[in-house]
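Here's the structure, in structure tokens; my notes come after.
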Amino acid sequence: MNKNLFAVFFILTTVGCVNYQYTPDVVSRSDAQKQQYVVLGTIKDITSVTIEGDREAGAAAGALIGGVAGKNVTDSETESDIASLVGGLVGSAIGSEVGSNLTKKDGIELLIETDAGKLISIIQEVSSYNYFKNQKVRIIKRNGKSRVVPFD
């Protein structure tokens, strides 16, 4: 039982420390001091969106917790195994929803016309930057990711 409790504690601690940021003012450590490609453009439209949360981490934690809880409901080994399996499945489904709700983010979709005349859409997490229609922006690209910051 102590091993099971340790495993549950370890997974919950690990899941709780995961931090995904999609704000344009937070950059990956691996992107520091590396060349990035910049495109200039003008914001044509702004739409509020919700960035879906991480379902996988919650599902894994829920499955483990449900499995441990189910394992201890009866003294019969066969019934205990079945209860553990059912508990894991139910825990996974519940954990998936909880994980998604806890980690979802407020975001914005920026429709931008580049100076080359191309229309592009970029979704990013709401940040300290204020955006408005007809604002000049720079689109910073690296490793398949783009972030939009105001261009003064």
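Note that these values count all heavy atoms, side chains included, but never hydrogens, waters or copies made by symmetry.
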*To the nearest 0.5 Å, what is the distance between CD1 (Ile123) and CG (Leu111)?*
11.0 Å
*If every non-hydrogen atom of Gln135 is compared with every non-hydrogen atom of Asn130, which pair is closest and at what distance?*
NE2-O, 3.3 Å
*How many angstroms lie between atom OG1 of Thr47 and atom CD1 of Ile108, to the nearest 0.5 angstrom?*
9.5 Å
*Going hydrophobic residue to hydrophobic residue with side-chain gaps under 4.5 angstrom, can you get from Ile122 over to Leu119?*
no
*How long is the span from the CZ atom in Phe132 to the CD1 atom in Ile43, to the nearest 0.5 Å?*
7.5 Å
*Flag the pair Asp45 / Lys133 as yes when at least one side-chain heavy-atom distance between them is below 4.5 Å, and no otherwise.*
yes
*Should Lys136 and Asp115 count as an ion pair when the cut-off is N to O under 4.0 Å?*
yes
*With side chains defined as the heavy atoms from C-beta onward, is the minimum distance between Val137 and Ile112 less than 4.5 Å?*
yes
*Are the side chain of Tyr131 and the backbone of Val148 linked by a donor-acceptor contact shorter than 3.5 Å?*
yes
*Note, Arg147 side chain near Ile139 side chain (heavy atom, < 4.5 Å)*: no
*How many angstroms lie between atom NZ of Lys44 and atom CD1 of Ile120, to the nearest 0.5 angstrom?*
13.0 Å
*Nearest 0.5 Å, what's the CD1-OG distance between Ile140 and Ser146?*
9.5 Å
